[in-house]
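All heavy atoms count here, side chains included; hydrogens, waters and symmetry mates do not. Order of appearance sets the numbers: ligands from 1, and atoms from 1 within every ligand.
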Amino acid sequence: MATASPITIQTVGVIGAGQMGSGIAHVCALAGYDVHMSDLDQTVLERALGLIDQNMTRQVARGRVKQEDKDVALKRITIGTNYDLFNATDFVIEAATEREEIKRDIFKKLIPHLKPSAMIASNTSSISITRLATSTDRPEHFIGMHFMNPVPVMTLVEVIRGIATDEPTYQSVRDLSLKLGKTPVGAEDFPGFIVNRILLPMINEAIYTLHEGVGSVDAIDTAMHLGANHPMGPLALADFIGLDTCLSIMQVLYEGLADSKYRPCPLLVKYVEAGWLGRKSNRGFYDYRGEKPVPTR
Ligand code: CAA
């Protein structure tokens, strides 16, 4: 079988200006790509630009990025609420809310604006790439590109091929990951891929450990930080990822693999019901409203 060559990417589109979308725009702009970023809300886009500026400033202060590279990179990012922005992009990465119906709706609206050769990736952390691809007109040019949070710091990208994804698309996304300074790892399209299939059951088990009173928030996090050398304990990490995202990934594992070992801990469900979603809502397993995070249990 002849192997077609990878498609060259010069401009990147990013849909969704939240934590992940802004991180993706940040690393693409620093790597020299022109970036078009869209969101429903202009205020969210402006806040994302501010966050990118702030995070790049932090990299300049630590000597990781030169001031002039930061200045040029920021100018490479354009923002807008309309998909016309993507008329000339070679590659669009969707990083919207982790809900399948929202992503499907985005793809339907996006397709009429894309040139025929444009590739589309989803940064989904757990939804089937094969299934998402069916809401586009180009399943062969559709792929999963899963970045880790915080994107500028974490060097892994999971690259997930759907059943229909062709080889040039897969190779282009691997090449792009390398150009962004990341290490791509191929994962098959099964619930949670690799990282979340392993990481989220660990976090869920930490929440069961709390629920059953085996240890306090502080004891559990200190135990895993010092006892397993994790950079942050599992409950602090859950707050960092977002408890709603953790719950939705556990639900995908539970339903997609039909195995009771993935059942979400009822305490996780309760925190989400309370709107205590972690750092983004200022409260989760820790309360972030004061100067220092305080355990909530
Ligand atoms: N942008 C740019 N740089 C950042 C940053 C950001 N948003 N956040 C942190 N940094 C940089 C800092 O400037 C610092 O740089 P230097 O090494 O050059 O000094 C470095 O990262 C470390 O930061 P800090 O000193 O502020 O704090 P820390 O040492 O406590 O590290 C952390 C913070 C990087 C978040 C670290 O605690 C960590 O690695 N935690 C685990 C993160 C993790 O597991 N992420 C994966 C989550 S799972 C996921 O994302 C998949 C999913 O689908 C749910």
Side-chain angles (χ1 to χ4, degrees), residues 16-31 47-66 69-70 73-74 93-99 103 121-129 144-160 180-183 185 187 190-204 206-207 221-222 224-226 228-253 264 268 272 277-280 284 286 288 292-293:
Q19 208 171 32
M20 297 307 286
S22 56
I24 295 167
H26 174 137
V27 294
C28 290
L30 269 183
R47 204 183 316 137
L49 274 186
L51 186 70
I52 294 172
D53 190 342
Q54 199 181 314
N55 284 331
M56 285 188 187
T57 303
R58 173 156 39 165
Q59 290 175 305
V60 172
R62 310 256 184 158
R64 300 219 174 250
V65 169
K66 289 196 200 124
D69 292 342
K70 175 198 153 185
L74 276 179
I93 309 174
E94 169 276 316
T97 306
E98 191 67 357
R99 293 239 311 271
K103 292 183 190 286
S122 175
N123 178 56
T124 177
S125 47
S126 58
I127 301 170
S128 161
I129 297 303
M145 188 176 193
H146 182 215
F147 290 83
M148 307 295 130
N149 184 22
V151 181
V153 181
M154 306 294 286
T155 54
L156 180 77
V157 171
E158 282 184 292
V159 184
I160 307 110
L180 299 179
K182 310 289 183 201
T183 301
V185 163
F190 289 99
F193 316 130
I194 296 175
V195 170
N196 286 336
R197 171 81 177 260
I198 299 170
L199 183 64
L200 263 296
M202 191 273 291
I203 289 176
N204 196 46
I207 304 170
D221 273 356
T222 305
M224 292 306 287
H225 176 50
L226 300 181
N229 245 358
H230 290 185
M232 47 169 72
L235 301 172
L237 183 56
D239 277 358
F240 185 68
I241 293 171
L243 301 192
D244 50 342
T245 304
C246 290
L247 177 59
S248 106
I249 297 170
M250 284 313 296
Q251 277 159 343
V252 167
L253 292 176
L268 172 61
V272 173
L277 306 181
R279 283 190 189 228
K280 63 181 160 193
Y286 294 83
Y288 299 93
K292 272 175 66 181

Close-contact set for ligand 1 against Ile241 heavy atoms, below 4.0 Å: 48 (S), 54 (C)

Protein non-hydrogen atom found under 4.0 Å from atom 29 (O) of ligand 1: no

Test item: Ile194 and Glu158 side chains (from C-beta on) under 4.5 Å apart, heavy atoms: yes

Heavy-atom donor-acceptor pair, Gln19 side chain to Pro150 backbone, under 3.5 Å: no

Pairing of Lys280 and Asp244 as salt bridge, 4.0 angstrom limit: yes

Contact partition for Val151 relative to ligand 1, non-hydrogen atoms under 4.0 Å: neither

Which segment of His230 sits under 4.0 Å of ligand 1 when only heavy atoms are counted: neither

Side chain, backbone, both or neither: His26 near ligand 1, heavy atoms under 4.0 Å: neither

Per-atom contact, atom 37 (O) of ligand 1, protein heavy atoms, under 4.0 angstrom: yes

Heavy-atom nearest neighbour in the protein, as seen from atom 18 (O) of ligand 1, with distance rounded to 0.1 Å: Arg64 NE, 2.3 Å

Contact partition for Met148 relative to ligand 1, non-hydrogen atoms under 4.0 Å: both

Sub-4.0 Å heavy-atom approach of Thr245 to ligand 1: no

Distance from atom 44 (O) of ligand 1 to nearest protein heavy atom, with residue and atom: Leu237 CD1, 3.6 Å

Evaluation steps, side-chain hydrogen bond (donor to acceptor under 3.5 Å, both in side chains), between Glu94 and Ser122: CA-CA 5 Å; Glu94 169 276 316; Ser122 175; 2.6 Å; yes

Check: Asn149 N/O within less than 3.5 Å of ligand 1 N/O: yes

Chi angles and distances behind the side-chain hydrogen bond (donor to acceptor under 3.5 Å, both in side chains) call for Lys103, Thr124: CA-CA 9 Å; Lys103 292 183 190 286; Thr124 177; 5.0 Å; no

Nearest-0.5 Å distance, CD1 of residue Ile203 to CG of residue Leu247: 12.5 Å

Under 3.5 Å: donor-acceptor pair, side chain of His225, backbone of Gly233: no

Leu199 near ligand 1 by a heavy-atom separation under 4.0 Å: yes

Heavy atom of protein closer than 4.0 angstrom to atom 20 (C) of ligand 1: no

Closest heavy-atom pair and its distance - Pro152, Val27: CA-CG1, 3.7 Å

Protein contact of atom 53 (O) of ligand 1 - nearest heavy atom, named by residue and atom, plus distance: His146 NE2, 2.8 Å

Check: Gln59 N/O within less than 3.5 Å of ligand 1 N/O: no

Test item: protein heavy atom less than 4.0 Å from atom 50 (O) of ligand 1: yes

Numbering as shown, the atoms of ligand 1 that approach Val153 to under 4.0 Å (heavy-atom distance): 3 (N), 4 (C), 5 (C), 8 (N), 9 (C), 10 (N), 11 (C), 21 (O), 34 (C)

Closest protein heavy atom (residue, atom, distance) for atom 24 (P) of ligand 1: Arg62 NH2, 4.4 Å

Within-4.5 Å side-chain heavy-atom neighbours: Leu253 and Asn196: no

Closest protein heavy atom to atom 8 (N) of ligand 1, given as residue, atom name and distance to 0.1 Å: Arg58 NH2, 3.3 Å

Heavy-atom side-chain proximity of Asp53 to Lys70 below 4.5 angstrom: yes

Least distance between heavy atoms, Ile129 atom then Gly144 atom: CD1-CA, 3.5 Å

Met56 contact mode with ligand 1 (heavy-atom cut-off under 4.0 Å): neither

Heavy-atom side-chain contact between His146 and Ile160 under 4.5 Å: yes

Protein heavy atom under 4.0 Å of atom 33 (C) of ligand 1: no

Heavy-atom check, side chain of Ile207 versus side chain of Leu235, under 4.5 Å: yes

Residue Pro152 vicinity, atoms of ligand 1 by number, heavy atom under 4.0 Å: 1 (N), 2 (C)

